[in-house]
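Values below: every heavy atom of this structure, side chains too, minus hydrogens, waters and symmetry copies.
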Amino acid sequence: MDGGTIEPGVLRGRVVDAAGKPIKGAEIVADNQLLYNSNAVVRTDGDGFYRVDTNVATTFHATATVTSEYNGQEYTLSLAPDDDGPFAGPSGAIRNFTWKLTGKQADGLGFYGGKVLFYLDSTDPLNPDAFLEDEKVRLTLTPDGPLIDGSEGPPIVGMATRNGDGSGLEDVPISRYRITADYEGRPLSVKLRKGGDYVEEVVADFAPIMTGIYWIELELALPRG
């Protein structure tokens, strides 16, 4: 990573992936916090380095994103800064970024991973008086190939939790997954939220909800008959 001397009037740094390999073409935005729509935007070179002229009497805040095509879909993902603080333009600064697949984002408002959310049919065919609870659902996600950054990821097994967007798992590395689910050990049938038939296992990719936010949405139910 770039740990050299700060140059007056210059924002510079380096972008790497989790393994320390440089990322070419990452977008760096130096946000002019005084003047609206006066940002400076550059991209990293082949060694992951960038430079931005910030010799203006105002403060700046640096952010970065990487755009990657994965399984035929384009994903734009936020990068993790080593220092998220603003700086005075004439003073210059060094801001390095890392492509993290999971973890709390620097602004504390979200995660670097995506969400796997589900809608559970609350009826139990074996007990009509029962009401199924989301928190008793266990999801098993097995990567169907490499993760979005090319690395290998282990299976993810977790109990569902409730969050502001629904029930499921948060902060899941972007990948294509084979997904199964069970309810207190009883296998659940699974299908994609936007259509298809219930099956024992689905293969799903994350879909964009808005810029930088990606979900997999499922429907779950106990089998009938």
Side-chain angles (χ1 to χ4, degrees), residues 1-70 73-115 117 147-151 163-166 169-175 206-215:
M1 300 291 280
D2 188 345
T5 303
I6 294 176
E7 300 178 36
V10 174
L11 166 66
R12 65 183 183 86
R14 196 180 191 211
V15 177
V16 299
D17 64 15
K21 297 179 181 178
I23 296 177
K24 179 182 178 180
E27 183 177 274
I28 312 297
V29 177
D31 177 17
N32 184 324
Q33 297 190 301
L34 178 63
L35 298 177
Y36 174 74
N37 202 25
S38 298
N39 303 335
V41 181
V42 298
R43 293 190 179 274
T44 53
D45 63 20
D47 293 317
F49 290 102
Y50 73 92
R51 293 174 61 88
V52 183
D53 181 3
T54 61
N55 195 22
V56 181
T58 186
T59 58
F60 286 87
H61 177 251
T63 58
T65 56
V66 61
T67 298
S68 178
E69 185 171 318
Y70 179 75
Q73 181 170 300
E74 190 173 84
Y75 294 83
T76 298
L77 303 168
S78 296
L79 301 175
D82 61 354
D83 184 342
D84 195 44
F87 63 95
S91 298
I94 294 174
R95 295 290 185 268
N96 299 307
F97 294 88
T98 303
W99 187 3
K100 293 184 177 180
L101 300 188
T102 61
K104 269 281 192 182
Q105 292 190 359
D107 59 12
L109 300 178
F111 297 95
Y112 292 112
K115 291 187 178 184
L117 303 174
L147 306 182
I148 191 170
D149 67 349
S151 64
N163 58 73
D165 297 304
L169 301 181
E170 295 185 288
D171 201 22
V172 176
I174 301 296
S175 182
F206 283 89
I209 302 303
M210 60 181 66
T211 302
I213 297 177
Y214 299 93
W215 294 355

Asp47 side-chain N/O to Phe49 backbone N/O, donor-acceptor pair under 3.5 Å: no

Side-chain donor/acceptor of Thr44 to backbone N/O of Ala26, under 3.5 Å: yes

Rounded distance [0.5 Å steps], CG in Leu11 versus CG in Asp53: 10.0 Å

Trace of the side chain to side chain contact (heavy atoms under 4.5 Å, CB included) decision for Tyr214 with Thr76: CA-CA 10 Å; Tyr214 299 93; Thr76 298; 4.2 Å; yes

Candidate pair Tyr50 and Arg95, rule side chain to side chain contact (heavy atoms under 4.5 Å, CB included), full reasoning: CA-CA 10 Å; Tyr50 73 92; Arg95 295 290 185 268; 3.5 Å; yes

Arg12 side-chain N/O to Arg51 backbone N/O, donor-acceptor pair under 3.5 Å: no

Side-chain donor or acceptor of Asn96 paired with backbone N/O of Asp2 under 3.5 Å: yes

Asp149 CG to Lys100 NZ distance, which is reported to the nearest 0.5 Å: 13.5 Å

Side-chain (Asp31) to main-chain (Phe60) donor-acceptor, under 3.5 angstrom: no

Smallest separation among heavy atoms of Ala40 and Val52, with atom names: CB-CG1, 3.5 Å

Heavy-atom pair of closest approach, residues Asp165 and Trp215: CG-CZ2, 3.3 Å

Closest heavy-atom pair and its distance - Ser78, Thr65: CA-CG2, 4.1 Å

Residue pair Tyr70, Leu147: steps toward the side chain to side chain contact (heavy atoms under 4.5 Å, CB included) verdict: CA-CA 9 Å; Tyr70 179 75; Leu147 306 182; 5.7 Å; no

Exercise: identify the closest heavy-atom pair between Leu101 and Asp171: O-OD1, 4.3 Å

Check against side chain to side chain contact (heavy atoms under 4.5 Å, CB included), Leu117 and Asn163: CA-CA 9 Å; Leu117 303 174; Asn163 58 73; 3.8 Å; yes

